[in-house]
Amino acid sequence: FPVTIGLQRVADIVSTLRTVFKSEGYAATRIDLAQWLDKLKSMVALDLEGRDIKITYEVPQGLMLDVNEGELTLVFLNLISNASRALSKINRAEGHIFVQASQEFGAVYLTVADNGPGVPEALVEQLFEIAKDSQSSGLGLGLWLSRYIVERAAGILNYRANNPHGSVFTVRFQQAN
């Protein structure tokens with residue numbers, strides 16, 4: 001069973017790499033961030049089913065972005081998957097993933113935070129490098145590819161520690177006019 005899941009993850013990543021690097025330029029469409037996330041909530045709920053992980057969304061209506069919806073979906077699902085895997089490794093009573101969006105000074109921020117173990121300090125500098133992984137179960141492609149996708153859309157993907165426990169990943173894009 002775990003081998004099948006691992007092979008499926010590799011197949012999904014290869015498919016994603018082909019899609020991202022094969023495209024003839026960046027194809028953006030205008031999306032409402034809250035409506036986009038509403039479409040993904042059931043997929044995320046299925047992924048978290050049977051685990052003691054709670055997810056909270058704080059996303060106001062009307063935050064508009066000009067992005068490639070499929071690529072942003074890959075980034076978001078990777079961040080959720082990473083948080084879920086990190087939370088699966090702790091013995092805390094309840095893991096929690098927080099998804100928040102906000103707008104400030106013409107930028108839209110999408111944040112995925114968790115109360116897991118966080119990233120060891122020694123690995124923070126290498127976090128977005130290819131073939132580097134802060135979790136022993138990963139391939140080291142997800143965060144590298146996520147940052148590539150976000151930067152290709154003129155955005156920024158950052159990490160910071162979540163005090164007292166966990167990780168915070170924030171994606172910043174210019175708000176659509």
### Ion pair R172/E104, N-O distance below 4.0 Å
no
## Note on the structure
For A34 and P60 the tightest heavy-atom approach is CB-O, 3.6 Å
### Summary
OG (S88) and CD1 (I53) are apart, to the nearest 0.5 Å, by 4.5 Å
### Message
Does E125 have more than 12 heavy atoms from other residues, nucleotides or ligands lying within 6.0 Å of its CD?
### Response
no
### Check: I97 and T56 side chains under 4.5 Å, non-hydrogen atoms
no
### Query
With distance as the sole test, does N162 use its side chain to make a donor-acceptor pair with the main-chain N or O of V168 at under 3.5 Å?
no
### Query
When you look at E58 and F98, which way does the side-chain contact (heavy atoms from CB on, under 4.5 Å) test go after all the steps?
CA-CA 8 Å; E58 292 180 15; F98 306 89; 6.0 Å; no
### Query
Does the side chain of L65 come within less than 4.5 Å of L33's, by heavy atoms?
yes
### Working for side-chain contact (heavy atoms from CB on, under 4.5 Å), residues V99 and L110
CA-CA 7 Å; V99 177; L110 176 63; 4.0 Å; yes
### Query
Only one of N158, V75, L72 forms a side-chain contact (heavy atoms from CB on, under 4.5 Å) with V150, so which one is it?
V75
### Parallel, tilted or perpendicular, as decided by the 30° and 60° cut-offs, for the rings of F169 and Y159
tilted
### Message
Is the shortest side-chain heavy-atom distance between N68 and T29 below 4.5 Å?
### Response
no
#### Entry: Under 3.5 Å donor-acceptor, R30 side chain and D66 backbone
no
### Query
Can any side-chain N or O of S84 pair as donor or acceptor with the backbone N or O of I80 at less than 3.5 Å?
no
#### Entry: Separation of Y109 OH from Q175 CD (nearest 0.5 Å)
11.0 Å
### Message
A side-chain contact here means heavy atoms from C-beta on lying under 4.5 Å apart; do F76 and V112 qualify?
### Response
yes
### Task
Using a 4.5 Å cut-off on heavy atoms from C-beta on, say whether the side chain of V67 contacts that of I31.
yes
### Message
Using a 3.5 Å distance criterion without hydrogens, assess whether the side chain of D114 forms a donor-acceptor pair with backbone atoms of A83.
### Response
no
### Message
Please give me the minimum heavy-atom distance between P117 and A86, naming the atom from each residue.
### Response
CD-O, 3.4 Å
### Message
Between E129 and R147, is the salt bridge (Lys or Arg N to Asp or Glu O under 4.0 Å) condition met? List the steps.
### Response
CA-CA 9 Å; E129 292 179 15; R147 181 173 262 182; over 6 Å; no
### Message
Rounded to the nearest 0.5 Å, what separates atom CH2 in W36 from atom CE in M64?
### Response
13.5 Å
### Query
Is it true that V44 and V59 fall in one hydrophobic cluster, defined by side-chain heavy atoms closer than 4.5 Å?
yes
#### Entry: Side-chain donor or acceptor of Q174 paired with backbone N/O of G106 under 3.5 Å
yes
#### Entry: E94 and H96, any side-chain heavy atoms less than 4.5 Å apart
yes
### Task
List the steps and the verdict of side-chain contact (heavy atoms from CB on, under 4.5 Å) for I149 and L157.
CA-CA 9 Å; I149 288 170; L157 172 60; over 6 Å; no
### Task
To the nearest 0.5 Å, tell me how far R152 CZ sits from E71 CD.
4.0 Å
### Task
Indicate if L63 and I156 have the same hydrophobic cluster label, given that clusters are the connected sets of ILVMFWY residues with side-chain heavy-atom separations under 4.5 angstrom.
no
### Query
S81 side chain to L77 main-chain N or O, any donor-acceptor pair under 3.5 Å?
no
### Query
Given the rule in the side-chain contact (heavy atoms from CB on, under 4.5 Å) test, do L87 and D52 qualify, once you have shown the distances and angles that lead to the verdict?
CA-CA 9 Å; L87 289 167; D52 192 18; over 6 Å; no
### Task
Carefully, step by step, assess S146 and N78 under the rule side chain to side chain donor-acceptor pair (under 3.5 Å).
CA-CA 8 Å; S146 292; N78 180 65; 3.2 Å; yes
